[in-house]
Amino acid sequence: MNAIPNQRHLYMGTFEAEVYWRDAQLASLPALPDRASSAIVAAMDELLFSFCQPGDALLTRYAISPVHRQYIAQLGFHPAVNERDLTDGKERAGNVSTASVFELLGSRKADAGEGFPQLEGCVLSPFAGLPHVEEAARAWGITLHQPPLETIRKVNAKTYSSDLKRSLGLRNPGYIVTSFADVAEAGRKLLRDGSFLIKDDFGVSGKGNLHITSTQMLDRIVSYLRGQERKGKQVLFLLEPFLEKEQDFSCQFTIGDDGSVDILSVQWLANTQFSYRESLSPDGAFLERLEREGYFSLMQDVGRQLYQDGYYGDVCIDSMTLRGGKLEPIIEINARKSMSLIKHQLDTFLAGKNMRGTLTNYSLSHDGSLSYEELLEGLKGEGLLFTGEREEGVMPLGANTLYVNTGGRDGENKIVGHTSKPSRNATGRGGKSPVKQVRVSGIGASDGGLEGNGMAKPDLIGEKETAGSERARGKGRLYLELVAACDEDKMRLTTKLDRFLAEHHFTVLN
């Protein structure tokens with residue numbers, strides 16, 4: 001959505017926005033750090049190309065692969081992009097700094113815009129409102145059109161969702177707890193009827209949730225929180241009964257400056273252990289059921305309440321159907337863009353071609369030896385690559401999320417900390433090949449030309465390969481749209497893609 005029509009828009013953002021909304025004084029739930037996953041999330045901003053209209057700009061933490069730029073240009077996406085990393089090469093593979101893209105952008109004005117598109121006068125359309133937006137906007141002459149940061153933070157809290165459910169008379173508003181003693185008391189009440197969830201007020205997908213199934217487990221968490229509270233941390237969590245779900249789904253809508261609520265789409269979700277897996281289009285019967293049961297009317301009410309509380313912009317409401325047939329309309333509120341909104345953008349693109357797709361991702365272990373250019377060429381050779389000229393295929397949505405932990409990034413802006421190693425196509429010094437014809441369904445040197453992909457030796461993120469190999473394997477994630485007319489065609493594509501990945505030494509982790 002372009003909040004201000006007929007103006008150039010700038011799309012950018014950091015996907016785990018909740019990290020920047022969370023008060024550092026809040027107590028936290030136990031969790032294992034995962035540097036590789038954090039690096040992947042930091043590179044997800046390249047998926048925002050799906051929002052770009054002609055003339056729009058897209059800034060990403062890591063410069064988008066020239067190969068990928070040519071691929072999406074063939075599909076009809078031509079955003080003006082940064083040709084240099086916002087990080088200026090100061091981040092090592094798998095070790096992302098805490099700075100958001102807006103903080104990084106604000107610090108780069110001294111570069112006089114070298115390697116950056118013209119941003120002055122662009123209207124910012126962020127993935128989510130974050131600190132340092134105003135400083136970056138002032139430095140680069142960007143126009144802001146968003147609520148105050150404190151409003152954004154307030155309406156994204158889990159406690160806000162709970163209070164809103166209570167005010168609307170909905171089931172399962174949960175318990176808001178502010179001490180370890182509250183956690184113990186409310187937790188024991190909930191365990192009488194079954195297991196329950198402890199939710200961090202600003203938890204993110206797959207993190208900040210704990211499923212408590214026994215008093216022993218509850219006691220361990222209470223003890224853990226007691227220790228933090230004694231050190232001055234503030235306890236603030238939401239406790240909710242664990243619901244036996246049948247299907248996750250979400251609703252995307254926008255709230256205009258005048259308070260109007262425009263419902264855009266509903267997407268079925270496939271999640272794994274609270275983490276996003278894929279978005280699928282629901283059938284007509286499901287949408288008719290939502291209409292009958294007043295779901296869309298409720299979404300309008302939610303949007304009006306958000307507006308009364310000072311918010312306007314993008315919203316995603318997480319919902320679910322339960323075993324037994326009941327509808328749970330509000331699990332939580334995400335006042336920002338979402339993966340399902342990206343899916344909606346891709347749906348709109350494909351609808352213009354009378355096609356449909358599924359947004360999904362593959363978590364992969366690999367050594368970075370297959371460049372992104374070779375990946376696209378291989379997919380095309382197998383008849384898998386979606387080109388816009390076919391009625392089905394695999395549409396890769398980015399390169400950086402796949403290679404951010406293995407150093408195998410295209411172009412000049414590689415993450416530091418790697419020793420260059422030429423690909424099999426490289427003929428120049430330092431692992432670079434000259435500009436050459438790229439055989440990806442008509443994309444060639446005449447479309448801007450490409451540099452070859454100098455492969456790099458990654459940090460030891462992940463396990464070594466079998467004996468005799470010097471390359472270490474790292475974790476990456478390939479986001480893609482599976483374009484298929486029906487479930488049978490989708491399954492056939494998935495089977496071929498699984499075989500292709502295995503033959504090229506990718507190990508699927510999800």
Side-chain angles (χ1 to χ4, degrees), residues 43 46-47 49 62-78 81 357 360-362 364-404 406-414 420-428 431-456 471 473-474 476-484 492-508:
E46 60 188 337
L47 276 63
F49 81 85
Y62 309 120
I64 294 178
S65 155
V67 177
H68 188 62
R69 292 211 312 266
Q70 287 193 318
Y71 173 68
I72 63 174
Q74 180 205 0
L75 300 180
F77 296 93
H78 302 274
V81 301
T360 189
N361 72 85
Y362 281 72
L364 301 167
S365 171
H366 67 111
D367 65 4
S369 59
L370 187 75
S371 73
Y372 189 65
E373 179 183 337
E374 292 165 336
L375 175 68
L376 295 191
E377 290 176 340
L379 289 172
K380 182 176 182 292
E382 294 293 327
L384 279 168
L385 186 68
F386 177 78
T387 63
E389 301 166 357
R390 304 175 35 143
E391 294 184 353
E392 66 175 32
V394 173
M395 183 199 303
L397 302 179
N400 289 336
T401 56
L402 182 59
Y403 293 102
V404 69
T406 60
R409 297 176 55 209
D410 303 290
E412 296 291 337
N413 300 308
K414 295 177 174 59
S420 296
K421 176 179 178 179
S423 70
R424 65 170 178 263
N425 295 323
T427 58
K432 296 184 178 68
S433 67
V435 174
K436 66 186 187 69
Q437 185 75 16
V438 181
R439 299 179 180 86
V440 182
S441 187
I443 304 175
S446 61
D447 298 300
L450 302 176
E451 288 194 343
N453 310 311
M455 304 313 298
R471 301 188 68 91
R473 295 176 68 86
R477 194 172 299 145
L478 178 62
Y479 286 91
L480 53 91
E481 182 87 350
L482 286 172
V483 183
R492 178 172 46 79
L493 275 177
T494 301
T495 300
K496 288 182 67 175
L497 179 59
D498 289 346
R499 184 182 303 118
F500 173 87
L501 292 172
E503 289 173 351
H504 290 82
H505 309 292
F506 290 95
T507 301
V508 178

### Message
If I take atom OH from residue Tyr362 and atom CG from residue Leu402, how far apart are they, to the nearest 0.5 angstrom?
### Response
13.0 Å

### Message
Within this structure, what is the OG1-CG distance for the pair Thr507 and Leu501, rounded to the nearest 0.5 Å?
### Response
10.0 Å

### Query
Would you say Lys496's side chain and Leu384's backbone share a donor-acceptor pair under 3.5 angstrom?
no

### Whether Asn400 side chain and Ser65 backbone form a donor-acceptor pair below 3.5 Å
no

#### Entry: Mutual orientation of the aromatic rings belonging to His366 and Phe506 [parallel < 30°, tilted 30-60°, perpendicular > 60°]
tilted

### Task
Could you check if a side-chain atom of Glu377 sits within less than 4.5 angstrom of a side-chain atom of Glu373, using non-hydrogen atoms only?
yes

### Query
Side chain of Thr401, backbone of Arg477: donor and acceptor closer than 3.5 Å?
yes

### Message
Using the salt bridge (Lys or Arg N to Asp or Glu O under 4.0 Å) criterion, which residues pair with Arg492? Sequence neighbours excluded.
### Response
Glu392, Asp489

### Query
Can you tell me how far OH of Tyr71 sits from OG1 of Thr387, rounded to the nearest 0.5 angstrom?
7.5 Å

### Summary
Distance col, row Leu385:CG vs Phe500:CZ, nearest 0.5 angstrom, shows 9.5 Å

### Query
To the nearest 0.5 Å, how far apart are CG in Asp498 and CG in Leu493?
11.0 Å

#### Entry: Candidate pair Leu364 and Val508, rule side chain to side chain contact (heavy atoms under 4.5 Å, CB included), full reasoning
CA-CA 5 Å; Leu364 301 167; Val508 178; 3.7 Å; yes

### Shortest non-hydrogen separation from Leu497 to Leu480 and the atoms involved
CD2-CD2, 3.9 Å

### Task
With sequence neighbours left out, write down each residue that passes side chain to side chain contact (heavy atoms under 4.5 Å, CB included) with Glu391, or none if nothing qualifies.
none

### Message
Quick check: do Phe49 and Leu397 have side-chain heavy atoms less than 4.5 Å from each other?
### Response
yes

### Task
Without swapping roles, check the side chain of Tyr372 against the backbone of Pro66 for a donor-acceptor pair under 3.5 Å.
no

### Query
How long is the span from the OG atom in Ser369 to the CD atom in Glu374, to the nearest 0.5 Å?
8.0 Å

### Task
Could you pull out the closest heavy-atom pair between Leu376 and Pro396, with the gap in Å?
CD2-CG, 3.7 Å

